[in-house]
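Worksheet: the structure to be examined is printed underneath.
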Amino acid sequence: MSFTKKNFSIELSRLLLFDKPKVYLEQYPTDSNVAADFLWSALMNGEIEGKTVIDIGAGTGILGFGAMLLGAKKVVFLEIDEKALDICKKNYENICNEFDVTGCEVDFVQKDISKFESKEKFDVVLQNPPFGIKKEHADKIFLETAFKLSKVVYSLHKSETLDFVDGVSKDAGFKVTHKFKYNFPLKSTMSYHTRKIKRIDVTCFRIEKKS
Ligand code: SAH
């Protein structure tokens, strides 16, 4: 598969999304343009093609599928919610019908991140964890787990939590190397939203183990 960045973004926009998103799990899908943008940078950085990837809090799988389409050799989708994981599997079926992704090993794991243990290490972690809108610092456990799994982590957070992300990274012997900033559209799929599309400032942090 060879994509232009634009075509890649269009493919990601065709993925199925959450059916009835759960507020308490902060099921907000990553916007396809946003995902395409930082995944493309990761690709250019040599961190996707032929690499092993884990997508934590995978939801419907946009980040993991992005990596798959860009040539990752293994993608693990880890998600607590069975319903979301079902849609993720459906997305996989659709991708298999359209693209040859036989070179990519795939695993779907239904698990709470706080109970996930793995001896396996990955080349890169991709994640858009709950921002802690409903539960403060719900993203901390995602970062701490990511640091146990890989030396390179791409993680989305509210931009205002920069100091928090920086601090948690430093405590684990990691450092933030890149910040990809976006004005993220939160789709009005949640019942308590009044405006159609609410936008928030989000940063994708590239975080790396200090050598
Ligand atoms: N990665 C997807 C979904 C982001 S929304 C995307 O980028 O579009 C955050 C996801 O984290 C949701 O799918 C939610 O169900 C999942 N999640 C929330 N708490 C979790 C936990 N404790 N363990 C694993 N997944 C969790």
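Just so you know, ligand 1 is whichever comes first in the structure, and atom 1 is the first atom listed for that ligand. Treat the numbers as computed from the prediction; the structure is a model and nothing was measured. The basis for the numbers below is simple: all heavy atoms, side chains too, and nothing from hydrogens, waters or symmetry mates.
Within 4.0 Å of ligand 1, the residues that place a heavy atom are F18, L25, E26, Q27, Y28, P29, T30, G57, A58, G59, I62, L63, E79, I80, K111, D112, I113, N128, P130, F142, listed by chain and number.
The residues D37 and K5 are annotated as salt-bridged, a charged nitrogen and a carboxylate oxygen being separated by less than 4.0 angstrom.
In this pair, W40 and F8 present their aromatic rings tilted. The plane angle is within the 30 to 60° band.
By the 4.5 Å side-chain criterion applied to Ile, Leu, Val, Met, Phe, Trp and Tyr, L16 is assigned to a cluster that also includes I87.
Legend: residues meeting ring pair (Phe, Tyr, Trp, His ring centres under 6.0 Å) with F99, ordered by chain and number and at least two apart, are F3.
Checked against the 6.0 Å centroid criterion, the rings of Y92 and F108 qualify as a close aromatic pair.
Here side chain to side chain donor-acceptor pair (under 3.5 Å) pairs that include residues 155-166, with residues two or more places apart or in two chains, are Q127-S155, D139-H157, S155-H157, S159-T203.
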